[in-house]
Amino acid sequence: MKQIEVVAAVIQRDGKILATQRGYGEQKDRWEFPGGKIESGESHQQALIREIQEELNCTIQVDAFLKTIEVDYPEFHLIMHCYLCSFVSDTFTLKEHEAARWLSAETLEEPDWLPADRMLLPAIRDAVY
């Protein structure tokens with residue numbers, strides 16, 4: 001089975017977490033934490049900073065490692081390294097996503113999360129809320 005390794009940013013601001021809605025692909029309209037594939041020679045932190053710049057047109061700071069999630073999708077095995085992050089920029093612009101929401105502890109379960117992202121929610125509750 002094909003293996004895909006990615007990084008994901010759990011971006012915090014004012015006690016809330018940023019969720020983004022996919023605007024493309026088979027999982028279009030489902031919710032995820034922004035991020036993407038690690039390019040050859042990149043550290044996880046470098047990949048996160050680059051991916052968030054590409055997807056949200058802003059700069060983040062990688063604050064701490066949160067958890068690695070592994071899950072089998074029908075087409076591939078996903079390894080997702082997740083990090084708590086914060087914005088350096090004041091604003092962001094959605095370049096690849098349809099929508100974004102700031103989620104509190106009470107609203108964290110509401111979006112239709114992708115499976116790997118849903119698996120991360122307990123770790124977020126423990127670390128953030």
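Since this is a predicted model, take the numbers as computed values, not measurements.
Applying the side-chain hydrogen bond (donor to acceptor under 3.5 Å, both in side chains) test to pairs two or more places apart or on separate chains, those with a residue in residues 62-75 are Q61-D63, D63-S86, T68-H81, E70-H77, D72-H77.
Residues L120 and W113 form no side-chain contact, since every pair of their non-hydrogen atoms from C-beta on lies 4.5 Å or further apart. Side-chain contact between M80 and V71: absent, with no pair of heavy atoms (C-beta onward) separated by less than 4.5 Å. Two residues are said to be in side-chain contact when any heavy atoms from C-beta on lie closer than 4.5 Å; W31 and R101 meet this criterion.
Taking a 4.5 Å side-chain heavy-atom cut-off between Ile, Leu, Val, Met, Phe, Trp and Tyr, the cluster of M1 contains only that residue.
Salt-bridge formation is detected for the pair R118/E109: a Lys NZ or Arg NE/NH1/NH2 atom is positioned less than 4.0 Å from an Asp or Glu carboxylate oxygen.
Contacts of A100 classified as side chain to side chain contact (heavy atoms under 4.5 Å, CB included), with partners at least two apart in sequence or in another chain: L18, T20, F92, L94.
Shown here for Q45 and Y83, the closest heavy-atom pair between the two residues is NE2-CE2, 3.9 Å.
Formation of a donor-acceptor pair under 3.5 Å by the R30 side chain with backbone atoms of R22 is not found in this model.
Counted within 6.0 Å of NZ on K2, heavy atoms from surrounding residues, nucleotides or ligands total 12 or fewer; the atom is thus considered open.
The aromatic rings of F87 and W102 lie perpendicular to each other, with more than 60° between the two planes, well past the 30° mark.
Tracing side-chain contacts under 4.5 Å through hydrophobic residues (I, L, V, M, F, W, Y), one reaches L66 starting from L121; they form part of the same cluster.
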